[in-house]
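Working notes for the structure below.
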Amino acid sequence: MELERTDYCGSLREKDIGRAVTVMGWVQHKRDMGGVIFIDLRDREGTLQVVFDQKNIPAAEFERAESLRIESVIAVSGQIELRGEDTLNPRLETGTIELRAQRMEVLSQADTLPFSLDDGASVREELRLRYRFLDLRRPAMIRNLRFRHQTLKVIREYLDRRGFVEVETPMLTKSTPEGARDYLVPSRLHPGAFYALPQSPQIFKQLLMVGGVDRYYQVARCFRDEDLRADRQPEFTQVDMELSFVKQEHILNELEGLFKHVFDKMLGIRFGEPFLRLTWRQAMDTYGSDKPDLRFGLPIVDLTELLRGCSFEVFRKALDAGGVVRAINAKGCAGFTRGEIEELTKKAISYGAKGMAWIAVRENGEIYSILTKYLSEKQLSGLLSAMDAKAGDFILFCADSLSTVRRTLGGLRLDLAELLGLRKKGEYSFLIVTDFPQFEYSAEEGRWIAMHHPFTMPYPEDLPYLLTDPGRVRAQAYDFILNGVELGSGSLRIYDRKVQQRMFEALGFSKEEAEERFGFMMGAFRYGTPPHGGFAFGLDRLVMLMAGADSLRDIIAFPKARDASCPMTGAPGFVDEAQLAELNLTGAAGGGTDAGGKRRSARNAPRIDVDNVADLALLSLDESEKEAIRAELEAIVAFADELAGLDTEGVPVTAHVAPIENVLRADERVPSYDRDTLLQNAPSKEGGYLYVPKVVEG
Ligand code: ASP
């Protein structure tokens, strides 16, 4: 590279007219007008029009400009000039100027790209992630990364001013108690033993308080092996904090100050009022969710007492069974069409309700509903006034158990808001939810589990019920909610060993188990522990909401795909037998292909344990039968490997035999797909049949 850069393409302006500059960047567009070539040259600051005029540039360099492929990297020097009238582009910040090239150096000629950067977000995401380094060239992506950088800088500055010390905690550690599955790392020096990647720095930050750090924060990478939902990533970044000698109120104020500061600095949005606060119960009862979106109202109103004794069968049954009746007034929605009402009813059913009763108050005041004939005059007028029903309103009901009603109306509230366009981008509504229940009952595990984590301090007045009535114990735990998204959670911590031991007991940990998992922490608490508490919020989520991005993947440079794989590197990948042996893991892994579609090597192929298979199948086999079955089973595994190794690029997803929503229901006949759809992905077909290798005969 001979030329030296003087400026960014995107930073030049009219004030630079007349200057001799050298810029470097990627060829975004090229228009060859014969004798004159226009190139839009892009770097991270923006694009600049560069004009190659045969008259001004050595012939060899002009020729090279002619043969440039899109996204090649070049250096150009020349003079900044005013654009001609006909090429002005008011949409570009550099739209009134251009660079008249005098020298050009090709720094890197690009191959044809796998997709056009102009098509942007419309390109299949899998492809974008596979070529993430190209995707990042899109201005929107660079903007997001820089926005994230700025946000983090503002957060760091603020926390520094507030006396927080940034401390790093280990990545190779022991299991942490956030309730998700761990990512494990095998230890070479301790055969058979594993580190766990931290689900959060929870234990370490509490130990930092024991260590006297007093105010800690960390921009911490956390790892949770969960099935991914749209707004989850297996590794994500938390801004993690812990404070000593504080009450809940201090922590909430500290956080409110931080979020207000960030919004002011980053978006110029000032929240004059204190953030709204609700207890968990209030949030659940009024909005049917512990993370309600409060950009809009649509509160849930309880009608249980008012409707007790009404003759409407559905309500009566729910109330007799100890349930509740609640409703939402969708203001001004009396004109909902049949289709819209049906759609809402379907949603209600998907949330667990049995149906959805409703009342439309027509514009002329007429009450239109099947309910009216089952309600007394008094009940109807009581209901209308409780719901603040006016002409033009639409009231929708749910009668069921408390939890079903909360879930249904909470869900419908969001659906209504979506339908009515009430969830506006660019509008922000914070909420603090406090007083979470300490425990929730897990029917699956048959025990109470911690709603936050086991170090969370209950309210002192609820401590006596820890073992006798866990359901009524409230935690000194809190969440910050933004637009219906949980930004983060925190709590005051138990700093008394005896209380902590009772907590473990309430959670069903045996003494040995508690000792094994958290003994070192309990041990530390013996030597002088300050009262402390903390909080952690998801940086990715905060930035996503503030940047108006639709997905976490848009604000993470190298995110994982939905199946937790990385399409670019092919991680997770298989490793060499030798590496496995070194880690004492040989024979532990099964067959298949890695995330990059690479086939497990023959050396890695599992040895089939025919004795075990025979045991499981209750077969007694002689040696020759065993050999025959081993050969058959190996053929099946090899076939499965082959299937997994096939190039599925662009192949439509295999159809399910039965619609998948039916899978968990009782046996119910459903129309099946036609044969051609079912067999469309079969590797080979014969006369409408799918060909499979011979399996086990006999
Ligand atoms: N460790 C908790 C979490 O990751 C936050 C906290 O309690 O500070 O959610």
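Each ligand, and each atom within it, is numbered from 1 in the order the structure gives. In this chain, numbering begins with 1 at the start of the sequence shown.
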Centroid separation under 6.0 Å, is that true for the rings of [Y] and [X]?
{"X": "Y428", "Y": "F271", "value": "no"}
{"X": "F259", "Y": "F430", "value": "yes"}
{"X": "F455", "Y": "F518", "value": "yes"}
{"X": "F535", "Y": "F480", "value": "yes"}

Ring of Y459, cation from R474 - is the NZ or CZ under 6.0 Å from the centre and inside 45° of the axis? yes

Should the heavy atoms of other residues, nucleotides or ligands under 6.0 Å from CD of E168 be counted, would the total exceed 12? no

Neighbour list for ligand 1 [protein residues, heavy atom under 4.0 Å]: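 If the criterion is a heavy atom under 4.0 Å, then ligand 1 touches E178, S200, Q202, K205, R224, Q238, H452, H453, S489, G490, R493, G534, F535, A536.
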
